[in-house]
Amino acid sequence: MIPAEPPPQPLQPPPPAPPNHVVSTIENLPAEGGGGGSLSASSRAGVRQRIRKVLNREMLISVALGQVLSLLICGIGLTSKYLSEDFHANTPVFQSFLNYILLFLVYTTTLAVRQGEENLLAILRRRWWKYMILGLIDLEANYLVVKAYQYTTLTSIQLLDCFVIPVVILLSWFFLLIRYKAVHFLGIVVCILGMGCMAGADVLVGRHQGAGENKLVGDLLVLGGATLYGISNVWEEYIIRTLSRVEFLGMIGLFGAFFSGIQLAIMEHKELLKVPWDWQIGLLYVGFSACMFGLYSFMPVVIKKTSATSVNLSLLTADLYSLFCGLFLFHYKFSGLYLLSFFTILIGLVLYSSTSTYVAQDPRVYKQFRNPSGPVVDLPATAQVEPSVTYTSLGQETEEEPHVRVA
């Protein structure tokens with residue numbers, strides 16, 4: 001018997017050849033004369049995409065809001081200049097007093113009619129002494145910078161007033177736990193370079209620099225005012241993120257009106273009696289108060305959307321807006337360096353706003369301001385929250401921290 005033939009085995013496919021990277025790379029190269037255009041088109045599309053990513057809607061809104069604040073400061077400066085130079089009304093404390101009275105009438109009375117823990121009396125019982133210190137800081141910051149114009153030059157004030165920026169950065173770093181990236185510091189440096197360009201232009205065109213009779217005293221007043229401004233701005237950011245904008249403005253109106261009224265009665269009552277009152281001076285005081293009230297009311301909104309550092313960088317353009325108005329109102333001389341300075345500052349703002357800051361850890365420091373018996377609230381994130389990083393000798397390990405409810 002002939003044995004049956006075994007069934008045929010299915011044919012196995014040959015093993016795949018190892019990939020030839022050289023061949024595949026050559027085959028994927030664009031053909032001569034036909035791929036150069038597509039390659040450059042794709043690179044142009046990538047550049048456009050990166051630009052759109054940087055110049056996004058949120059960033060442009062942040063820059064625009066800061067420029068609104070700069071325009072309000074421009075209005076404050078112009079009305080003050082008319083009052084002091086044309087009508088010889090040197091009343092900086094009285095002008096601040098008018099603003100604090102408006103804040104009191106609008107925001108302090110709002111707190112007075114509220115019920116519960118947000119009522120004016122409840123806030124005063126828990127935090128009165130902290131707001132009293134903040135009111136003094138805010139009042140004296142305004143007074144010191146205005147007083148400095150009597151002793152030092154305009155260029156010194158413009159340059160030394162930039163000292164508020166490192167003050168805000170340091171206080172935000174240690175007390176708000178905000179961390180910055182390299183692009184933020186690059187944007188800050190570009191903004192300060194723009195301010196230096198503007199100060200140089202003032203010297204070149206011979207813009208009025210002031211008496212400068214005692215520059216050391218004036219420079220120290222500017223540095224003191226800038227330091228107090230920085231403290232006030234960071235404290236403001238802290239309050240509006242953990243408490244409320246109305247509480248901050250109501251308490252500033254209450255204590256600011258109280259202390260500025262005392263300072264007005266002691267230091268400025270004789271100057272106020274010398275003012276030649278008429279409808280023009282009255283209109284200038286109304287314009288100053290409206291711009292100042294708008295600045296105080298709108299600044300917390302912008303700080304909450306951006307940060308105290310971003311707001312102070314935006315305010316660097318205020319002097320340039322005043323200068324551009326002065327070209328028509330006071331016949332200032334023009335220099336192309338002013339435009340260069342303006343666009344340099346804007347470029348610095350775009351660089352700073354192109355990426356968000358982050359918080360090093362959950363902001364437990366915010367607990368210090370609240371009363372331990374107060375209500376428990378969820379703290380809003382001040383910026384893009386990134387996980388904390390613990391460094392060891394073997395490397396780094398990342399751990400996510402849970403959201404913390406702070407009393």
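For the atom pair CG (Leu103) and CZ (Phe293), the distance works out to 6.0 Å, reported to the nearest 0.5 Å. Taking CG of Leu323 as the reference point, atom SG of Cys74 lies at 9.5 Å (rounded to 0.5 Å). Separation of atoms CG (Leu105) and OG1 (Thr109) is listed at 6.5 Å; rounding is to 0.5 Å. One distance of note links CG of Leu102 with OG1 of Thr108; it measures 11.0 Å at 0.5 Å rounding. Between Asn119 atom CG and Leu111 atom CG the span is 8.0 Å, to the nearest 0.5 Å.
The minimum heavy-atom distance between Met195 and Asp319, with the atom names listed, is CE-OD2, 4.2 Å. Closest approach of Val93 and Glu268 over heavy atoms only: N-OE2, 3.1 Å. The shortest non-hydrogen separation linking Ala226 to Val164 is O-CG2, 3.5 Å. Across all their heavy atoms, Ala257 and Phe97 have their closest contact at O-CE1, 3.6 Å. Nearest heavy atoms, Ile76 versus Cys291: CG1-CB, 3.6 Å. Closest of all the heavy-atom pairs between Ser310 and Ser307 is N-OG, 3.2 Å.
For Tyr285 and Thr79, the side-chain atoms include no donor-acceptor pair closer than 3.5 Å. Between the side chains of Ser260 and Tyr143, not a single donor N or O lies within less than 3.5 Å of an accepting N or O. Judged purely by distance below 3.5 Å, without hydrogens or angles, the side chains of Tyr82 and Gln280 never pair a donor atom with an acceptor atom. Side-chain contact annotation: Tyr229 with Asn142, donor-acceptor N/O pair under 3.5 Å present. Neither side chain, Gln95 nor Ser289, offers a donor N or O lying under 3.5 Å from an acceptor on the other.
Glu237 contributes no side-chain N or O that, together with a main-chain N or O of Ile303, makes up a donor-acceptor pair within less than 3.5 Å. In this structure, Arg245 contributes its side chain and Ile239 its backbone to no donor-acceptor pair below 3.5 Å.
Considering only heavy atoms from C-beta on, Thr309 stays 4.5 Å or farther from His184 through its side chain. At a threshold of 4.5 Å between non-hydrogen side-chain atoms, the residues Leu98 and Ile101 do not count as touching. Under the 4.5 Å side-chain criterion, counting only non-hydrogen atoms from C-beta, Tyr151 is not in contact with Leu220. Within the 4.5 Å cutoff, no side-chain heavy atoms of Trp173 are placed close to those of Ile178. Side-chain atoms of Glu247 and Tyr107, non-hydrogen and from C-beta on, never get closer than 4.5 Å to each other. Looking at Gln67 and Ser314, their side chains come closer than 4.5 Å, going by heavy atoms from C-beta outward. You'll find the side chain of Glu236 reaches within 4.5 Å of the side chain of Met299, heavy atoms only. Side-chain contact between Phe324 and Thr317: absent, with no pair of heavy atoms (C-beta onward) separated by less than 4.5 Å.
Residues forming a side chain to side chain donor-acceptor pair (under 3.5 Å) with Arg114 (at least two apart in sequence, or on another chain): Glu118. Partners of Phe258 according to the ring-ring contact (aromatic ring centres under 6.0 Å, His included) rule, which considers only residues two or more places apart in sequence or in another chain, do not exist here. Legend: residues meeting salt bridge (charged side-chain N to carboxylate O under 4.0 Å, His left out) with Asp161, ordered by chain and number and at least two apart, are absent. Taking Ala318 as the reference, Ser70, Ile73 meet the side-chain contact (heavy atoms from CB on, under 4.5 Å) condition, with sequence neighbours excluded. Leu65 is linked by a side-chain contact (heavy atoms from CB on, under 4.5 Å) to Ile61, Phe298, Val302, Lys305, counting only residues two or more places apart in sequence or in another chain. Looking at residues two or more places apart in sequence or on another chain, you find a side-chain contact (heavy atoms from CB on, under 4.5 Å) between Ser335 and Ala201, Val205, Leu337, Tyr338.
Dense packing is recorded around CH2 of Trp277, with more than 12 heavy atoms of other residues, nucleotides or ligands lying under 6.0 Å away.
Tyr352 and Tyr180 have tilted rings, their planes meeting at an angle from 30° to 60° on a 0 to 90° scale.
If you look at Tyr100 and Phe255, their ring centroids are not closer than 6.0 Å. Two rings, from Tyr321 and Phe342, have their centers less than 6.0 Å apart.
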